[in-house]
Amino acid sequence: MNETSMTTAKVINGIQIWPQEKIERFRTTLLSWYDIEKRDLPWRKNNDPYRIWVSEIMLQQTRVDTVIPYYLNFMRTFPSIEALSQAEEDTLLKTWEGLGYYSRVRNLQKAAIQIMEEYNGEMPRDPKEIIKLKGIGPYTTGAIASMAFGLPEPAVDGNIMRILSRLFEIDADIAVPANRKLFEEILREIIDPYRPGDFNQALMDLGATICTPKNYHPEKSPVKEFNQSYLNGTWEKYPVKSKKKKAKPVYYAGVVISNQKGELLLEKRPSNGLLASMWTFPLLEESQISQFFAKGKFLSPKEGTSDYSVNELNDQLDLFYGIKPVLIKEPIAGDTHIFSHLKWHMAIYYGELPKNDLIDSIPEHCAWVKPEDFDQYTFPGPQMKMWAAYKNKFLEK
DNA sequence: AAATCGGGGGC
DNA sequence: GCCCCAGATTT
């Protein structure tokens, strides 16, 4: 390679970056497209760092259409960083109900408290400070720095890795976290220093609407003349992305228990781990009630279960919840729920406490709750499914 | 480097 | 079923 040739266009990890003139043409082309086609989104009304921050956290691994109603409600409930810093945990969790990745909202509040205590109530401008805030990683740092403060920082998300991979025919696996740095380096070279926030958002809009993972038609792209994989006819190869592992199956019996007053037993999950601090009907794992499942196989209501299984379930309910309900022998329903790394198989049972039973011996983390008060509790997806199964069986006939 | 952490939409 | 989504944190 001749280092004195041309205007010394850069090479990053074997990737040939464009000459300056071409970079500038790309910026103009992309931003001209963005100025006409950009999506009208609620967090784009102004450059308030708080608004941008909240939207970026919600948008992590979550689609725009899903986020919009949550975002509007969240900003009504917590209009300022100070309001967020003072929120009750249950109120906070309720605003995220159904959105998933619930540690996001817990970290959001922790960061709000950090900002109140360490940054005088204002989002810091320095990326080195922004990234110290809880729940804010390299992507969100770049997004806030560029969109709120106009700094030329890369914000590399899935969209941008896919786009750059196709533009430059990059063979690095975008599923490997360590490869993100390569895309950041490239983006630093081509980002528009005058409109960095718009540049990052333009790429995201392009990735969401045209440079999509599937049904991709490179000839429709406003920047097709810059797209090396399109020009070379190799675009179907990019991006290179390795597959992730399948969700591991886990088996549960979910149990709906009613007391004499028509209240149902709920339990609050531990404050750490999956679905932390959220409420569900009692769930008993396969390891505790292995008799419910034959050799790891889920026994659906159709397939039936044995009396012995129900007796075993009664023992477990007595042991873990201090209750002795009378159970219906067959499950009232069966359902599954898929997480990123787990697949829950739930057999849903129903039982009632006998008239003469004591109901005041349940554990600290449990509660008897009237169904009309369920809206005061935060329910995750699997609980919604169990509750729907119960209603379908007993309430809506 | 790999696992954990949710849920929904598209095909 | 599989893949993906404006990823971050923990192990």
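All heavy atoms count here, side chains included; hydrogens, waters and symmetry mates do not. Within every chain, numbering begins at 1; the chains are lettered A, B, ... in the order of the sequence lines, protein sequences first and strands thereafter. All figures in this text were calculated on a predicted structure; none of them were measured in a lab.
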Item checked: Reference residue A/C211; test side-chain contact (heavy atoms from CB on, under 4.5 Å); the match among A/N159, A/V223, A/I163 ->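 When A/N159, A/V223, A/I163 are each tested with A/C211, the side-chain contact (heavy atoms from CB on, under 4.5 Å) holds only for A/I163.
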
How many whole angstroms separate atom [atom1] of [X] from atom [atom2] of [N]?
X: A/K110; N: C/dT9; atom1: NZ; atom2: C1'; result: 10 Å
X: A/I130; N: C/dG7; atom1: CD1; atom2: C1'; result: 16 Å
X: A/N107; N: C/dT9; atom1: CG; atom2: C1'; result: 8 Å
X: A/I163; N: C/dA6; atom1: CD1; atom2: C1'; result: 11 Å
X: A/K243; N: C/dC2; atom1: NZ; atom2: C1'; result: 9 Å
X: A/I136; N: C/dT9; atom1: CD1; atom2: C1'; result: 14 Å
X: A/M161; N: C/dA6; atom1: CE; atom2: C1'; result: 11 Å
X: A/I144; N: C/dA8; atom1: CD1; atom2: P; result: 10 Å

inquiry  = Under the criterion ring pair (Phe, Tyr, Trp, His ring centres under 6.0 Å), I'd like the reasoning laid out for A/Y194 against A/F199: C-alpha separation, chi angles, the key distance, then a yes or no.
reply    = CA-CA 9 Å; A/Y194 300 103; A/F199 188 88; over 10 Å; no

For the pair [X] and [Y], find out whether any cationic side-chain nitrogen is under 4.0 Å from an anionic carboxylate oxygen.
X: A/K38; Y: A/D205; value: no
X: A/E89; Y: A/R106; value: yes
X: A/R51; Y: A/D48; value: no
X: A/K237; Y: A/E169; value: no
X: A/K181; Y: A/E185; value: no
X: A/E219; Y: A/K224; value: no

Report which part of the nucleic acid [X] touches: base, sugar-phosphate, or nothing (heavy-atom distance under 4.0 Å, all strands).
X: A/W43; result: base
X: A/T140; result: sugar-phosphate
X: A/R162; result: sugar-phosphate
X: A/L41; result: base
X: A/R44; result: base
X: A/V176; result: nothing

Exercise. Considering only side-chain heavy atoms of A/A178, which listed nucleotide, B/dA1, C/dA6, C/dC5, is closest?
Worked result: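 Between B/dA1, C/dA6, C/dC5, the one nearest the side chain of A/A178 would be B/dA1.
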
Nucleotide by nucleotide, nucleotides 4-11 of chain B touches protein heavy atoms under 4.0 Å in the pattern (B base, S sugar-phosphate only, - none) SBBBB-BS

Dot-bracket for DNA chain B, 5' to 3', Watson-Crick and G-U pairs with both distances under 3.5 Å, [ ] for crossing pairs, | for partner on another strand, reads |||||.|||||

Exercise. Quick one: does NZ or CZ of A/R195 land under 6.0 Å from the six-membered ring centre of A/Y34, within 45 degrees of the ring axis?
Worked result: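 Geometry flag: not set, cation outside 6.0 Å or 45°.
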
Mind checking the [atom1] distance from [N] to [M]? Whole angstroms is fine.
N: B/dG8; M: C/dT9; atom1: P; result: 24 Å
N: B/dG6; M: C/dC4; atom1: C1'; result: 14 Å
N: B/dC5; M: C/dC5; atom1: C1'; result: 15 Å

- Does A/K241 or A/G158 map to a spot on DNA chain C nearer the 5' end, using the closest nucleotide for each?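 First, find each residue's nearest nucleotide; the 5'-ward one identifies A/K241.
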
Item to complete: On DNA chain C, check which nucleotide each of A/K134 and A/A208 is closest to and give me the residue with the more 5' one.
Response: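 Per heavy-atom nearest nucleotide, the more 5' residue is A/A208.
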
Just checking A/Y101 against A/W96, ring centres under 6.0 Å apart?
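That pair fails the under 6.0 Å test.
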
Within the structure, does a side-chain N or O atom of A/K245 lie under 4.0 Å from either OP1 or OP2 of B/dA2?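 No.
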
### Query
Roughly how far, to the nearest 0.5 Å, is the CG atom of A/L319 from the CD atom of A/Q316?
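It is 6.0 Å, given to the nearest 0.5 Å.
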
